[in-house]
Number of protein chains: 2
Amino acid sequence: MSPDESAVQDASLEADVFARNCGSRDVLQNLTSRWGLLALLALTEGDYRFNALRRRVDGVSERMLSQTLQTLERDGFVTRTVLHAIPPRVEYSLTDLGRAVAASVEGLIEQVEAAVPEVMSARQRYDDRSARD
Amino acid sequence: MSPDESAVQDASLEADVFARNCGSRDVLQNLTSRWGLLALLALTEGDYRFNALRRRVDGVSERMLSQTLQTLERDGFVTRTVLHAIPPRVEYSLTDLGRAVAASVEGLIEQVEAAVPEVMSARQRYDDRSARD
DNA sequence: CGGCATCCCCTAAGATACTG
DNA sequence: CAGTATCTTAGGGGATGCCG
């Protein structure tokens with residue numbers, strides 16, 4: 001990479017997600033998009049073929065899964081391997097970078113799942129209070 | 001909480017984000033929304049007043065910050081404290097639940113920030129390869 | 001200062017149909 | 001099987017203006 005390209009940001013600053021123009025914002029958005037998180041999490045369980053992944057990530061449409069995987073591949077989190085055969089077979093797997101990030105994602109999601117009951121009761125309290133006003 | 005309410009999901013299953021109708025999906029979406037992540041992260045640094053938070057989260061509009069904070073409050077991640085004074089003063093802070101989740105978020109974001117250069121070069125490779133076809 | 005209400009635009013995302 | 005192409009709609013999100 002040429003020095004010119006990396007000069008887009010001040011070299012003295014590490015990537016700062018709070019800054020409007022920091023590239024980390026896009027990366028984070030792609031990653032934490034509705035289906036991005038789930039696709040990444042699913043792939044921590046092992047490689048998946050397109051339709052198997054589609055079944056695993058319940059509710060995702062063909063179009064959105066395709067698009068999500070393309071983005072994840074472009075950002076270097078996922079590898080797409082085409083096996084030329086009939087019927088065609090395409091395998092998706094995590095890159096090393098993907099695995100690293102997926103570990104964090106997994107932790108976050110587990111915590112959120114555990115917190116669901118608490119969140120639900122918090123919502124109820126909030127809505128009850130709002131209804132009184 | 002009454003047993004009836006928790007029966008919405010099969011009691012033998014823990015919250016499963018892969019299931020289409022699992023409540024964890026909403027919670028996760030609110031949390032990982034564009035501004036939700038950043039607001040939560042900012043509040044790990046300490047309490048913030050509305051406009052201070054708005055300055056910290058560079059680029060967020062009044063409307064979206066307000067909306068985001070309401071959702072976070074409703075879900076029990078954030079506490080909103082109104083101090084009746086002139087000028088009015090409203091403080092936002094994390095709940096215990098919020099602090100716990102924010103820790104995971106922080107880890108994820110740090111990892112993403114560190115990965116930005118690698119992602120950028122991955123994108124370049126991907127785009128170059130696409131351009132050749 | 002800390003919002004909510006309104007208007008409006010754009011893209012995220014679903015449904016459907018078709019291709020290699 | 002593994003996708004693209006096309007169409008359509010819901011809602012995310014910005015700009016502006018008003019209020020306690």
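Fair warning: this is a prediction, and the values are worked out from it, not measured in the lab. Side chains included, hydrogens not; waters and symmetry mates left out as well; all remaining heavy atoms used.
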Keeping to residues at least two apart or across chains, list the salt bridge (charged side-chain N to carboxylate O under 4.0 Å, His left out) pairs with something in residues 80-98 of chain A. Asp96(A)-Arg99(A)
Is there a donor-acceptor pair under 3.5 Å between the side chain of Ser66(A) and the backbone N or O of Glu62(A)? no
For Arg123(B), all residues meeting salt bridge (Lys or Arg N to Asp or Glu O under 4.0 Å), sequence neighbours excluded: Asp75(A)
Is the cationic atom of Arg56(A) (NZ for Lys, CZ for Arg) positioned less than 6.0 Å from the six-membered ring centroid of Phe18(B) and within 45 degrees of its normal? yes
Do the non-hydrogen side-chain atoms of Gln124(A) and Asp128(A) ever get within less than 4.5 Å of each other? yes
Is there a donor-acceptor contact under 3.5 Å from the side chain of Thr95(A) to the main chain of Gly76(A)? yes
Bend of the helix from dC1(C)-dG20(D) to dG20(C)-dC1(D) from end-axis comparison, five pairs per end, nearest 10°, comes to 50°
Could you pull out all residues at least two apart from Ser93(A) that satisfy side chain to side chain contact (heavy atoms under 4.5 Å, CB included)? Asp47(A), Thr79(A)
side-chain hydrogen bond (donor to acceptor under 3.5 Å, both in side chains) partners for Arg74(B), two or more places apart: Asp127(A)
Just so I know, are the side chains of Phe77(A) and Val27(A) near enough to count as touching, which here means a heavy-atom distance under 4.5 Å? yes
Side chain proximity check, Trp35(A) to Val60(A), heavy atoms < 4.5 angstrom: yes
Which residues in residues 78-90 of chain A have at least one heavy atom lying under 4.0 Å from any atom of DNA chain D? Arg80(A), Pro87(A), Pro88(A), Arg89(A), Val90(A)
Between which nucleotides of DNA chain C, read 5' to 3', does contact with chain A run, using atoms under 4.0 Å from its heavy atoms? dA13(C) to dG20(C)
Using the side-chain hydrogen bond (donor to acceptor under 3.5 Å, both in side chains) criterion, which residues pair with Ser104(B)? Sequence neighbours excluded. Gln111(A)
Mind running side chain to side chain contact (heavy atoms under 4.5 Å, CB included) on Tyr126(B) and Gln70(A) for me, showing each step along the way? CA-CA 10 Å; Tyr126(B) 184 94; Gln70(A) 278 181 42; 4.3 Å; yes
Going by the rule salt bridge (Lys or Arg N to Asp or Glu O under 4.0 Å), which residues pair with Asp58(B) if we only count those two or more places apart in sequence or in a different chain? Arg20(A)
Does anything in residues 54-68 of chain B come within less than 4.0 Å of DNA chain D? Heavy atoms only, and list the residues if so. Ser61(B), Glu62(B), Arg63(B), Met64(B)
Contact span of DNA chain D against chain B, any nucleotide atom under 4.0 Å from a heavy atom, 5' to 3', runs dG13(D) to dG20(D)
Which of Val78(B), Thr81(B), Leu65(B) passes side chain to side chain contact (heavy atoms under 4.5 Å, CB included) with Tyr92(B)? It is Val78(B)
Would the distance check show the side chain of Thr32(B) and the main-chain N or O of Leu28(B) forming a donor-acceptor pair, the cut-off being under 3.5 Å? yes
Contacts to DNA chain C from residues 27-50 of chain B, heavy-atom cutoff under 4.0 Å, which residues? Arg49(B), Phe50(B)
Give a yes or no on whether the backbone of Val17(A) and the side-chain of Glu113(B) come within a donor-acceptor separation of less than 3.5 Å. yes
Could you tell me whether Gln70(A) contacts a base, only the sugar-phosphate backbone, or nothing, with contacts defined as non-hydrogen atoms closer than 4.0 Å? sugar-phosphate
On a heavy-atom basis, the closest approach of Ala102(B) and Leu94(B) is CB-CD1, 4.0 Å
